[in-house]
Number of protein chains: 2
Amino acid sequence: MASAKQKPSPADLLVLEDFLPYRLSILSNRVSRAIAARYAKTFDLTIPEWRIIAVLGRRPGLTAKEIAEATEMDKVAVSRAVARLVVAKRLRASADADDARRQNLSLTAQGESVHARIAPIALAAEEKLLSALDARERRELDALLDRLLVAARSL
Amino acid sequence: MASAKQKPSPADLLVLEDFLPYRLSILSNRVSRAIAARYAKTFDLTIPEWRIIAVLGRRPGLTAKEIAEATEMDKVAVSRAVARLVVAKRLRASADADDARRQNLSLTAQGESVHARIAPIALAAEEKLLSALDARERRELDALLDRLLVAARSL
DNA sequence: TGCCATTGGTTTCAGATGAAACTAAATCGG
DNA sequence: CCGATTTAGTTTCATCTGAAACCAATGGCA
């Protein structure tokens with residue numbers, strides 16, 4: 001009998017626990033949930049809303065479209081989150097001088113306050129997560145993520 | 001006038017584009033979407049369903065609860081995905097001898113077929129993503145993810 | 001044995017989500 | 001200028017999602 005040449009089954013190759021997309025998904029979910037859990041109830045804020053506050057904190061005056069690009073959320077999500085934030089008086093929308101369809105969005109004092117209170121919480125969580133790594137490893141992680149983010153764009 | 005001591009605003013510290021949880025979320029979403037796009041329509045399969053097929057491919061006979069643990073999906077999602085897969089004759093559910101509440105789940109021939117056809121697609125996407133990295137960097141990424149996954153568990 | 005707490009799994013309900021249709025304003029081409 | 005196209009943003013609709021309630025079987029344990 002000739003030596004048995006085993007055909008590798010896909011099961012041998014695709015091990016969910018080792019599969020990068022799966023691992024990224026699990027890690028991302030764990031982290032996002034943990035952080036959201038810390039602010040969601042206290043501040044009555046969803047993740048999309050928090051992202052909008054975070055980006056407007058640094059870059060006031062963006063339009064909904066620009067927010068969508070900056071945060072990689074779709075425009076429906078942005079539209080809804082902005083609407084909620086405006087009702088909650090956390091965002092101010094002012095008509096754009098050049099284009100009546102656009103609104104320039106920025107944080108109100110209340111919005112700033114939310115931002116100022118959540119940012120430290122978020123940063124502390126990030127720091128806690130990163131405490132598993134030393135300085136060199138953090139730089140390495142950053143560099144790897146940069147490249148994976150680029151590569152993932154053209155998948 | 002005394003030298004102005006600037007109080008750093010949270011905006012200076014929390015830059016969304018540099019914030020690890022955010023970057024992980026973007027990366028994970030890009031990857032998952034890209035892969036799902038390749039099989040979702042063709043095979044009429046959702047991500048939860050695909051995960052269940054993947055895990056049962058390697059570990060036949062798991063119960064719904066074990067699947068939920070293995071895939072970190074919640075039991076509602078598992079229950080629904082299993083129900084769909086059974087209807088589609090991709091999974092077979094057989095009563096557990098010891099406990100009438102449990103069902104042992106495994107792939108049917110059709111389920112195996114789906115598995116065998118999707119696994120290469122998924123692996124090719126992973127490989128394409130990883131092509132941005134050399135062997136040493138891949139090992140490093142793996143090691144870093146291992147540790148972050150552990151750290152994220154206790155956030 | 002018979003009751004109670006626990007566990008595996010499903011259903012319900014209310015909110016989140018996204019693709020596609022839509023509205024209104026701006027731009028383009030003639 | 002005027003209609004056709006594009007763009008910013010909203011609404012609709014159908015689906016997805018998860019927390020909580022629920023049901024049924026099991027495992028204590030008195």
Side-chain angles (χ1 to χ4, degrees), chain A residues 25-26 28-30 32-37 39-41 43-52 55-56 61-88 91-106, chain B residues 25-26 28-30 32-34 36-37 39-41 43-52 55-56 59 61-88 91-106:
Chain A
S25 166
I26 297 297
S28 171
N29 285 342
R30 280 189 196 165
S32 293
R33 280 164 177 279
I35 298 182
Y39 66 67
K41 288 150 309 204
F43 295 95
D44 184 29
L45 205 66
T46 65
I47 292 183
E49 287 167 23
W50 158 239
R51 283 189 179 171
I52 289 172
V55 76
L56 285 179
L62 294 183
T63 64
K65 172 168 211 255
E66 291 164 335
I67 291 174
E69 283 160 5
T71 58
E72 299 209 13
M73 304 197 292
D74 80 78
K75 62 181 185 165
V76 177
V78 172
S79 171
R80 284 197 269 242
V82 165
R84 266 200 87 208
L85 288 167
V86 168
V87 167
L91 287 194
R92 172 183 17 260
S94 54
D96 184 288
D98 299 347
D99 188 333
R101 292 169 305 181
R102 288 190 291 219
Q103 295 195 316
N104 300 106
L105 300 162
S106 49
Chain B
S25 165
I26 297 296
S28 171
N29 285 342
R30 281 188 196 165
S32 294
R33 280 164 176 278
Y39 64 69
K41 288 150 309 205
F43 296 95
D44 185 28
L45 205 66
T46 64
I47 292 183
E49 286 167 25
W50 158 241
R51 283 192 181 169
I52 290 172
V55 75
L56 286 178
R59 303 166 58 192
L62 295 183
T63 65
K65 171 169 212 250
E66 291 164 335
I67 291 174
E69 284 160 2
T71 58
E72 301 209 11
M73 302 197 294
D74 81 79
K75 61 179 186 168
V76 177
V78 172
S79 171
R80 285 196 269 239
V82 165
R84 268 201 87 208
L85 288 167
V86 168
V87 167
L91 287 195
R92 172 182 20 259
S94 54
D96 184 289
D98 299 346
D99 187 335
R101 293 168 305 181
R102 288 189 289 217
Q103 295 193 316
N104 301 106
L105 300 162
S106 48

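What you are looking at is a predicted structure, and each value in this text was computed from that prediction instead of being measured. Lettering of chains follows the sequences in order, A, B, ..., and the numbering in each one begins at 1. Below, each value reflects all heavy atoms present in this structure, side chains not excepted, and no hydrogens, waters or symmetry copies.
- Rounded to a whole Å, the CH2 atom of A:Trp50 is 19 Å from the P atom of C:dA16.
- In this structure, A:Ile47 atom CD1 and C:dA16 atom P are separated by 12 Å, rounded to whole Å.
- With the nearest nucleotide of DNA chain D identified for both A:Gln103 and B:Asp74, A:Gln103 has the one nearer the 5' end.
- Across all strands shown, B:Arg33 has heavy atoms under 4.0 Å from sugar-phosphate atoms exclusively, and none from any base.
- For B:Lys75 and D:dC23, the NZ to P distance is 14 Å, given to the nearest whole Å.
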> Do A:Asn104 and A:Thr63 pass the side chain to side chain contact (heavy atoms under 4.5 Å, CB included) test, and can you show the C-alpha distance, the side-chain angles, and the key distance before you say yes or no?
Replying inline: CA-CA 5 Å; A:Asn104 300 106; A:Thr63 64; 4.0 Å; yes

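- Minimum atom distance to the side chain of B:Lys65 is reached by C:dG8, of the listed C:dC13, C:dG8, C:dG18.
- Between the side chains of A:Ser25 and B:Arg51, at least one donor N or O lies within less than 3.5 Å of an accepting N or O.
- Sequence order on DNA chain C of the closest nucleotides to B:Val76 and B:Asp99 puts B:Asp99 first from the 5' end.
- With distances taken from any side-chain atom of A:Arg102 to the nucleotides D:dA8, D:dT7, D:dG18, the minimum falls on D:dA8.
- When rounded to the nearest whole Å, the span between CG of B:Leu45 and P of D:dC16 equals 12 Å.
- For a distance-only test at 3.5 Å, the side chain of A:Arg101 fails to qualify as a donor-acceptor partner of the base of D:dA8.
- Rounded to an integer number of Å, the gap from B:Asp96 CG to C:dG8 P is 11 Å.
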>> Is there a side chain to side chain contact (heavy atoms under 4.5 Å, CB included) between B:Arg84 and B:Asp44? Walk through the geometry before answering.
In response: CA-CA 11 Å; B:Arg84 268 201 87 208; B:Asp44 185 28; 3.1 Å; yes

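- Taking atom CE of residue B:Met73 and atom P of nucleotide C:dG8, one finds them 16 Å apart after rounding to whole Å.
- Distances were taken from every side-chain heavy atom of A:Ala100 (C-beta onward) to each of C:dT10, D:dT17, C:dA25; the shortest belongs to C:dA25.
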>> Let's go through B:Leu91 and B:Ile52 carefully: what are the C-alpha distance in whole Å and the side-chain angles of both, what is the deciding distance for side chain to side chain contact (heavy atoms under 4.5 Å, CB included) to 0.1 Å, and is it a yes or a no?
In response: CA-CA 10 Å; B:Leu91 287 195; B:Ile52 290 172; 4.1 Å; yes

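- Regarding B:Arg80, its CZ atom lies at a distance of 11 Å from the P atom of D:dA19, rounded to whole Å.
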> Run the salt bridge (Lys or Arg N to Asp or Glu O under 4.0 Å) check on B:Arg30 and A:Glu72 step by step: do they pass?
Replying inline: CA-CA 10 Å; B:Arg30 281 188 196 165; A:Glu72 299 209 13; 2.2 Å; yes

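- The shortest distance between the side-chain N/O atoms of B:Thr63 and the OP1/OP2 oxygens of C:dG8 is not below 4.0 Å.
- Look at CG on A:Leu62: it is 11 Å from P on D:dG9, rounded to the nearest Å.
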